[in-house]
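Notes to accompany the following structure.
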Amino acid sequence: MAPKPRYTAQHRFPVIDRETEKPRGVPGWAIVGIFLILLFNFITSAAAFLMPVTLAILLFFVFVPFRRLMGKIGIGAGISAAIVTIGMVALVGGLGFFVSGPISDIVEDSPQITQRLEERFESLRESVRPLEEVAAKIDSVTNGGDEEESEPIQEPPAPGISLPEEATGAASSVVTATAEQTGDQEIRVSVDTEDASTLETLASAGPSVAGQIVFTLFLLFFLLASGDLLYLKIVQSFDSLREKRAAYEALREIEAALGSYLGAITLINAGLAICIGLAMWIWEMPQPLLWGVAAFILNFIPYLGAVTGVAVSFIIALISFDDIYTPMLVAATYLGFTSLEGQLITPYFVSRRLQLNTVVVFITVALWAWLWSVLGMVVAVPMLVVLKVLADHIPGLEKLGNFLAGEAPPELEDDDEEDAREIVEDGNDREVTAPQGA
């Protein structure tokens, strides 16, 4: 009689291996895959709660040094927290006040802007129509000229069907008409209208966004007003004195890393906003102040923010100018400023130890854009900075920190470090010197 498997903590529901008659556990990769699926689903489902919490915690690490500095001169944590939150409210309110005028003008002129854009794209399409005709002739010659172009058969409209002008002329409504003939003369017409426009969608999302901003500010106030309570609870959760000291050092390094990164990026983006705003004013683009604000905000999103700014500047210039060369020069100006900032200024002013792997940064931004949309793209890099700091301090995650590092990662204190470098260098040499027939 075969022995019965013993139930252990690792094999609560064991699977019997027919060859060895021993309990077999679930593979580790399957558990990790299931965990990742559930984690991404939870992050997406709880986005309305997790987004303001994440943003408040990141801002907490940024403003903790300010709160500590105010404490040294005798100002309490509650007053410091009030100063920070009121200052952020004033900053956001002032920024909204300055851009409210240009945004309202754009909203009022949106029908004319849409019509102008359609006309410009139609003119561009007409300019390339000769090329399409030449391509069609070449295609007909290469196919032997046997195939004839088939024109779509247009059926005449059913008699007696007419829609009111209010339904056909409404710009913000999508009208769908369906006709059903049930007899010789009886015709039924149903009209479905959808009144939700883009502006109405944005307006409906306004209260939700405002609620998340208020929640973020309140949570930031309570975190800062609690003083060192959060740090104390985190440190107390470890057992040995060595672990407590390491945890506190990790928290302080997160402070320094986020403060250094976000501080440098904010100042760089402010300078970029001034340069782009002046450039758009020189090009006589509409609303140069709004262009500066947009450049400041978009540049917090790596790669995708610059691409979005270039594309939008080209489209707006295409509407504003009659020729095609000026929009291309406007977009090239935006691209030149962002390239100068990304390739020279940011690497010079941002600490080398905070530079990250560009491939990992791009994938991280795309992932959080998929999970949390625009705010996810904004907080992606700060969260990656926090992850790198934690990986550098947690034993066993040093290799992850090395993988997240930028062009000049620190050398690992590992016996296999030199062997790894020799393998990569020898592989490159073999790839270069390999014969062509290999």
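Each residue takes its place number in the sequence, starting with 1.
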How far apart are the C-alpha atoms of I34 and L38, what are their side-chain angles, what is the distance that settles it, and do they pass the side-chain contact (heavy atoms from CB on, under 4.5 Å) test? CA-CA 6 Å; I34 295 172; L38 294 176; 4.0 Å; yes
Please step through side-chain contact (heavy atoms from CB on, under 4.5 Å) for the pair T333 and M280, ending with a clear verdict. CA-CA 9 Å; T333 302; M280 295 302 169; 5.7 Å; no
Start with the C-alpha gap between F60 and L230, add the side-chain angles, then the distance that decides, and say whether side-chain contact (heavy atoms from CB on, under 4.5 Å) holds. CA-CA 11 Å; F60 165 74; L230 181 62; 3.6 Å; yes
Where do L390 and I254 land on the side-chain contact (heavy atoms from CB on, under 4.5 Å) test, with the steps shown first? CA-CA 8 Å; L390 293 177; I254 290 175; 3.8 Å; yes
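By the 6.0 Å contact criterion, CD on Q236 is enclosed, its count of non-hydrogen atoms from other residues, nucleotides or ligands being greater than 12.
One side chain, D323 or T326, offers a donor N or O that lies under 3.5 Å from an acceptor on the other. Between H393 and E253, the side chains place a donor N or O and an acceptor N or O closer than 3.5 Å (distance only, hydrogens not considered).
Distance check, rounded to the nearest 0.5 Å: CG of L251 to CD1 of I234 gives 5.0 Å. In this structure, CG on N357 lies 8.5 Å from CD1 on I363, to the nearest 0.5 angstrom. Here the CG atom belonging to L371 is positioned 12.5 Å from the CZ atom belonging to F42, to the nearest 0.5 angstrom. Here the CD atom belonging to E243 is positioned 9.5 Å from the OG atom belonging to S237, to the nearest 0.5 angstrom. Expressed to the nearest 0.5 Å, how far CG of L384 lies from NZ of K388 amounts to 9.5 Å. Once rounded to the nearest 0.5 Å, the distance linking CG of L387 with CD1 of I394 reads 8.5 Å.
Within the 4.5 Å cutoff, side-chain heavy atoms of P302 are placed close to those of V381. With contacts defined as side-chain heavy-atom distances shorter than 4.5 Å, the pair L224/V84 qualifies. Taking the side chain as every heavy atom from C-beta outward, W370 and L367 approach each other to under 4.5 Å. For the pair Y334 and F314, the minimum side-chain heavy-atom distance is 4.5 Å or more. Looking at heavy atoms from C-beta onward, L262 lies in side-chain contact with P382 at the 4.5 angstrom threshold.
Shown here are the ring-ring contact (aromatic ring centres under 6.0 Å, His included) partners of F61, two or more places apart in sequence or in another chain: there are none. Considering only residues two or more places apart in sequence or on other chains, R68 meets the salt bridge (charged side-chain N to carboxylate O under 4.0 Å, His left out) condition with E255. In this view, S320 satisfies the side chain to side chain donor-acceptor pair (under 3.5 Å) rule with no residue, not counting sequence neighbours. L335 is linked by a side chain to side chain contact (heavy atoms under 4.5 Å, CB included) to V310, T338, S339, counting only residues two or more places apart in sequence or in another chain. By the ring-ring contact (aromatic ring centres under 6.0 Å, His included) test, W368 is found to be paired with W372, residues two or more places apart in sequence or in another chain being considered. F337 pairs by the ring-ring contact (aromatic ring centres under 6.0 Å, His included) definition with nothing, not counting sequence neighbours.
Judged by distance alone, the side chain of T54 and the main-chain N or O of L50 form a donor-acceptor pair under 3.5 Å.
Closest of all the heavy-atom pairs between V386 and L58 is CG2-CD2, 4.2 Å. Shown here for P286 and I316, the closest heavy-atom pair between the two residues is CG-CG2, 3.9 Å. Taking both residues in full, the closest heavy atoms of V389 and A257 are given as CG2-CB, 3.9 Å, listed atom of the first, atom of the second, then distance. Residues D392 and G401 come closest through the heavy atom pair OD1-CA, 3.7 Å. Considering every non-hydrogen atom in both A56 and L220, the closest pair reads O-CD1, 3.8 Å. When all heavy atoms are compared, the tightest approach of G292 to A273 is O-CB, 3.0 Å.
The salt bridge (Lys or Arg N to Asp or Glu O under 4.0 Å) contacts involving residues 335-344 comprise nothing, where partners must be two or more places apart or lie in separate chains. Annotation: ring-ring contact (aromatic ring centres under 6.0 Å, His included) contacts involving residues 248-272, sequence neighbours excluded, are absent. For residues 263-312, the ring-ring contact (aromatic ring centres under 6.0 Å, His included) pairs, not counting sequence neighbours, are F296-F300. Within the structure, salt bridge (Lys or Arg N to Asp or Glu O under 4.0 Å) pairs that include any residue of residues 73-91 do not occur (at least two apart or interchain). Sorted by first and then second residue, the salt bridge (Lys or Arg N to Asp or Glu O under 4.0 Å) pairs with a member in residues 221-230 read R67-D228; sequence neighbours excluded. Sorted by first then second residue, the ring-ring contact (aromatic ring centres under 6.0 Å, His included) pairs that include residues 219-240, not counting sequence neighbours, number zero.
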